[in-house]
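Only this structure's heavy atoms are used, side chains among them; waters, hydrogens and symmetry mates stay out.
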Amino acid sequence: MRFTPQFLDELRARLSVSEVVGKRVKLKKAGREWKGLSPFQQEKTPSFYVNDQKGFYHDFSSGKHGDIITFVMETDGLPFAEAVERLAGMAGLPLPAVTPDAARHEQRRRTLHDVMELAAKFFSETLASRVGAKARGYLADRAISPATQLQFRLGYAPPPPERFALKEHLGKLGVSVEDMIETGLLVAGNDIPVPYDRFRDRVMFPITDLRGRVIAFGGRALEKDVPAKYLNSPETPLFHKGDNLYNHQAARKAAHDGSALIVVEGYVDVIAMVTAGFPGAVAPLGTALTENQLALLWKMADEPILCFDGDRAGQKAAYRAADLALPFLAPGKSLRIALLPEGQDPDDLARSGGRAAIEEVIAAARPLADMIWSRELEGGNFATPERRAALEARIKELTNGIRDEVVRRYYRDDFVERLQRTFSPDGGRGLGGRGNFRQGQGGGGGGRPFQPRGFQANRFGQSFGGGRRGGPPGPTPLPSGPYQAASPQLAASPIMRGQRSAISRREALILQCLINHPWLLHDHLEEVAALELAHPEAHKLRAAIISAFVNDHYHSPDPEEQAEKMRGDLEKGGFSQVLQRVESAITTAAVWGAREGAARDDVLATWHQLVALHRQWHSLLRELKDAELALGEDPSEANLAWLRDVKARIGEVDGTEALIEGFGELSGRFQKSV
């Protein structure tokens, strides 16, 4: 949009600087000027001045200076055109149209925006009504509070047999069927005699543009037997899904104010991230990240963080994002990749571990170069010079795709160093130096079987690891499979329950009791099946234990024979490595009742203690989440006291666990003495 000098002068004349600035800064009269604290940086003594007569502001602390347009651009992170549009709205000044056709087009868009706004209000009112009880229950189960529902303007589309609820409501307000069809609210076609509501029995997530206007909807089905779990509005004059992001407007402001820009997969993930204290969260709209969305991200931040699930699907999404971004990298413009604990999405992690858990994951985000390097080495066999040369050629091909010459050169240098550290036994000479790589020549040598130095195979048979032994570690590729904790504290905490490296000691002891004493299942089978085990491998192992017991009821009177048979059945079922990880998760050998050879009474006492402790722990975790949510909504002394009380009781549970170990140690010594 083009703005003439006359239009901009009229805008400045209608709005005083103090009026615009006063919406963000508390101003006090100071002679002919106004003064206040700087909106650009922290200060205790006011050094920010506004002069309406001269039409400018000046901040002595930061040196920033400008008029009302500059102020809106600086404080809200808006480009020039959008800042002018916002101020024109404040001033009641119509925006100039370039041509009569453009004016008609703009008027048509305003009409469609009005239709979408009416639809959003209808869905919101339906959610709050008696009809919306089921949807409110779903949102409560996802820990989305009523305040958050209002913040994101969530709604509900009425369930069947209603097919025309929205259509009839908007019709009564004077909206034409043609407008409803054009905005994608109705389904129509040559084979559809009567257009009907597109969204039915779905929780509704309004999608807005950068001016906060509703342009589309995403609907989450509440029933399982529907063709699409999520349904988005179709392409319309207002909405092109590859050109928009969910929560774009709020995230742009948050990123401008210094928050991290984090890309997650879905609507609920964004809401969970924002609720946990990460207002710069956005999501694509039902598709993989597009070039246009990538450009939008880079307008908001130099290095957005892409946050993917830690499973294979999440890793593939990370690889796709890396391939998409690589050609468009520019000086200072890149991506970082964060992988979540396996089996968890951002919503799961936010509810189980809160802000601290998410901060750990974000802190462990890896550079884009690490992701590409990891992908190229993943599962590779580099036993011959030809295979290593093929790897080098592939990396050269990738780096050649980077359009910016400077970034391309630095990527080449970086990958040369990685190749030299990984493959060359003499510290870098085996690849023939950097020059050979740039010319596409192969390197390496030697006829012995070769695996990259310092690399180990993970459970997928993929490689990960660091640099040469005895030298500085190389750039570590992003690990394949589950997310690796950024700190030992996180690795040992319950929020990392989705990792194979983080089976809790309590769950491991419960499983060890069942493996070493299968006779427990005769009387406690239902109790075992109902236990809330957090770790996915614990789930699988528990299922295998139950299956082995049900198929052969372990009637042997000798407990040791039962234990030996159970271990044999599990190993035949492919659980050898899981059994080893259960053993390694038990950092103390003092719980005698869980070990082989323990007396029956000790086993039963230990079992009851472990199960009770385990249930109490999960109950307290749920209460901790409730207390944290309550404190976030109402930071009162009562809620703060509640949070402290829950944390104190969690500490008592930890103390009880220590007592179990202590009593177990005494029992073990007694058994050995007997």
[X] side chain to [Y] backbone, donor-acceptor under 3.5 Å:
X    : Y    : answer
D197 : A165 : yes
T399 : I395 : yes
D348 : D345 : yes
R355 : T275 : no
E303 : P367 : no
D59  : S38  : no
K64  : F40  : no
S124 : A120 : no
R408 : G401 : no
W298 : S334 : yes

Enter the distance from [X]:[atom1] to [Y]:[atom2] here, rounded to the nearest 0.5 Å.
X    : Y    : atom1 : atom2 : answer
Y138 : I144 : OH    : CD1   : 6.5 Å
M273 : I358 : CE    : CD1   : 5.0 Å
D114 : D179 : CG    : CG    : 9.5 Å

What residues, two or more places apart in sequence or in another chain, satisfy salt bridge (Lys or Arg N to Asp or Glu O under 4.0 Å) together with E235?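 E235 satisfies salt bridge (Lys or Arg N to Asp or Glu O under 4.0 Å) with no residue once adjacent residues are dropped.
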Please indicate whether Q53 has more than 12 foreign heavy atoms, meaning atoms of other residues, nucleotides or ligands, lying under 6.0 Å from its CD. yes
Of all residues at least two apart in sequence or in a different chain, which pass the ring-ring contact (aromatic ring centres under 6.0 Å, His included) check with [X]?
X    : value
F328 : none
F239 : none
F217 : F123
F7   : F3

Minimum heavy-atom separation for G184 and R198, please, with both atom names. O-NE, 2.7 Å
Which atom pair, heavy atoms only, marks the closest approach of V203 to A135?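 Scanning both residues, the minimum pair turns out to be CG2-CB, 3.9 Å.
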Does some side-chain heavy atom of [Y] sit less than 4.5 Å from a side-chain heavy atom of [X]?
X    : Y    : result
V263 : Q293 : no
L139 : S145 : no
T290 : P284 : no
Y411 : L368 : yes
I69  : R12  : yes
L37  : V25  : no

When K396, R394, R418 are each screened for salt bridge (Lys or Arg N to Asp or Glu O under 4.0 Å) with E376, the one that passes is R394
Which is it for Q249 and K253 under the side-chain contact (heavy atoms from CB on, under 4.5 Å) test, yes or no, and what are the steps along the way? CA-CA 7 Å; Q249 182 195 30; K253 177 63 173 62; over 6 Å; no
Look at R351 together with D347 and state whether they make a salt bridge at an N to O cut-off of under 4.0 Å. yes
Where at least one partner belongs to residues 252-271, residue pairs that pass ring-ring contact (aromatic ring centres under 6.0 Å, His included), sequence neighbours excluded: F205-Y267, Y230-Y267, Y246-Y267
Could you please spell out the steps behind the side-chain contact (heavy atoms from CB on, under 4.5 Å) verdict for D67 and V17? CA-CA 7 Å; D67 61 8; V17 184; 5.7 Å; no
Kindly indicate, with the supporting measurements, whether the criterion side-chain contact (heavy atoms from CB on, under 4.5 Å) is fulfilled by L112 and T236. CA-CA 10 Å; L112 298 181; T236 72; over 6 Å; no
May I have the step-by-step check of salt bridge (charged side-chain N to carboxylate O under 4.0 Å, His left out) for R14 and E10, ending in yes or no? CA-CA 6 Å; R14 289 199 184 195; E10 175 69 13; 2.9 Å; yes
Checking side-chain contact (heavy atoms from CB on, under 4.5 Å) for the pair V115/E182: CA distance, chi angles, key distance, verdict? CA-CA 10 Å; V115 173; E182 192 165 5; over 6 Å; no
